[in-house]
Amino acid sequence: MRTAFPETGRAADALLNEMDSRTAGDIDWRNGRTPLYVFKGSESAAEIGKAAFNAFFTENALGGKRAFLSIGGMEREVIEMGLDLFHAPGGADGHMTTGGSESIFMAVKAARDAHRASGSKIGEQLNIVMPESAHPAFDKAARSMEIEVRRVRLAGDRRADPAAIAEAADDRTMMTVASAPCFPFGVIDPVAAVAEVARDRGLWLHVDACVGGYLIPFAKANGEPLPDFDFAVEGVRSISADLHKYGFCPKPASTLFFRDAEDMARAAFDLDVWANGRFVTHTIAGTRPGGAVAAAWAVLNHLGHDGYRAIARDLLANARAWREGIEALQGFHMFAEPDLTILNFGARDVDIFAVADRMAKGGWLPGRTQNPRGMHLMLSMFHAPARQDYLADLGAAAEAVRREGGASAAKAVY
Ligand SMILES: Cc1ncc(COP(=O)(O)O)c(C=O)c1O
């Protein structure tokens, strides 16, 4: 039955109470029972983010240049900080978006427009060659722009295989991709080796650092042996990095950077087509929450380099402890050597989806991967207190499947 539009309004208190009671069926995310969707760095980062978001709750980032100069200024500073963090050369530029998917959409559009500017014709079938593990946001953008996507095999360590990219690329290839890290396996692609192919073949290389952009630099500063992934690598032409993931900023907030400001300018929607005059945006979105911009500015300034380094230290220690705990249980193994905080593991002697089904019954949202058939975790500080319970329940679930058998018909869904 359709929900009728309310005849009369209701008091705020009643609504807040009702909404609160509606969360009874939600996964207990505050206590680390969902392996994705939410992120926590520290209490104080969450608090300042919320306060800043609320302080600029009504402002519209679309008006950041004309009305809300405060928001426009903060957005500029967020971008400058990102350019600094990602070793951008002079002449680089960037902008905020509402999330990783929008950053990727605009990067694909920029690469498409650059390819067109270099002489390819409208109607010519362009393609993106990318590792199998790249995020579907590239496919969404490609479908919207009628670009073919060629997903190519990974190397044995489940990282991008530069040879496979080189093999699949042709003169209509407008973009290739390296992830830092990829979502399925949590490994950082060999950006330098992919960049070499990109330089050789004249391909636009986008680094999807939506997950790791605001984590890898700090983990590296802590001495983690992680590879270069940003503009320090010659041939990286654009980078997406999400503030609302491991930047610990409120949603919706991502950043997109270009080595060359001209690439960004060309991709902008610069329209002078209606009564209200020229309309210029770098995003699909028109209206954007000013709160998200203010919150990003506040969280970056609140944590600073040392705050992010401290969180990175805790996050990686936590992820290692989860990994060791899982591997200490009978029959489980990692599908790849995780570089950061994403784990993907399978089971040798039981159907892991049957284990996942039992975890679901116990109040966990089990992350699943379908190829290979595995379980998946993207860990943040929400998860630290849940580790012992998770491991105990995982071990017990596997034991029960071992004892009682069972194969699951469940499908992996994101
Ligand atoms: C590697 C990677 N890229 C892009 C995205 C898309 O980000 P968003 O969900 O903010 O659109 C994600 C989301 O998890 C991701 O893991």
Side-chain angles (χ1 to χ4, degrees), residues 29 34-40 49 78 82 86 95-109 111 128 130-144 149 151 154 158-160 175-191 194 205-216 226 229-230 236 238-257 283-285 288-289 292-293 295-296 299 315 319 336 338-344 365 367-370 374 376-380 382-383 412-414:
W29 56 270
T34 176
L36 74 172
Y37 303 134
V38 287
F39 296 84
K40 178 179 173 186
V78 167
F86 300 133
H95 60 82
M96 285 184 70
T97 72
T98 55
S101 299
E102 193 179 38
S103 289
I104 287 169
F105 190 100
M106 293 311 298
V108 170
K109 180 177 182 304
I128 298 173
M130 64 186 197
E132 235 167 42
S133 54
H135 193 273
F138 291 96
D139 301 73
K140 287 167 73 169
R143 285 192 190 187
S144 310
V149 173
R151 283 181 176 264
L154 301 177
R158 302 196 190 268
R159 294 169 207 271
M175 180 185 248
T176 190
V177 175
S179 302
C182 69
F183 183 74
F185 303 110
V187 293
I188 301 172
D189 286 333
V191 175
V194 176
L205 171 56
H206 178 78
V207 172
D208 177 5
C210 283
V211 169
Y214 291 97
L215 175 55
I216 299 170
L226 299 171
F229 72 102
D230 61 17
V236 172
S238 55
I239 299 175
S240 49
D242 289 357
L243 293 157
H244 65 199
K245 292 191 173 79
Y246 290 100
F248 309 111
C249 301
K251 302 170 187 69
S254 171
T255 45
L256 175 62
F257 303 98
T283 48
I284 301 290
R288 288 183 294 126
V293 174
V299 172
L315 281 171
D339 278 322
L340 298 159
T341 51
I342 291 178
L343 308 180
N344 181 206
L365 180 73
R368 301 178 203 244
T369 53
Q370 60 192 8
H376 187 274
L377 292 158
M378 179 155 65
L379 298 165
S380 75
F382 276 128
H383 300 95
V413 284
Y414 183 77

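As the structure lists them, so they are numbered: ligands from 1, and atoms in each ligand from 1. No experiment lies behind these values; they were computed from the predicted model shown.
Here A295 pairs with A52, F53, P250 under the side chain to side chain contact (heavy atoms under 4.5 Å, CB included) rule; sequence neighbours left out. Judged as a side-chain hydrogen bond (donor to acceptor under 3.5 Å, both in side chains), and not counting sequence neighbours, the contacts of K40 are E43. R288 is linked by a side-chain hydrogen bond (donor to acceptor under 3.5 Å, both in side chains) to E75, counting only residues two or more places apart in sequence or in another chain.
With S103 as the partner, the side chain to side chain donor-acceptor pair (under 3.5 Å) test is satisfied by one option alone out of S240, S254, S238: S254. None of L343, I188, V187, L377 except one satisfies the side chain to side chain contact (heavy atoms under 4.5 Å, CB included) rule with P338; the exception is L343.
Closer than 4.0 angstrom to ligand 1 lie heavy atoms from G99, G100, S101, I104, H135, P181, F183, D208, C210, V211, D242, H244, K245, Y414.
Of the possible polar contacts, none joining the H244 side chain to the P252 backbone as a donor-acceptor pair under 3.5 Å is found.
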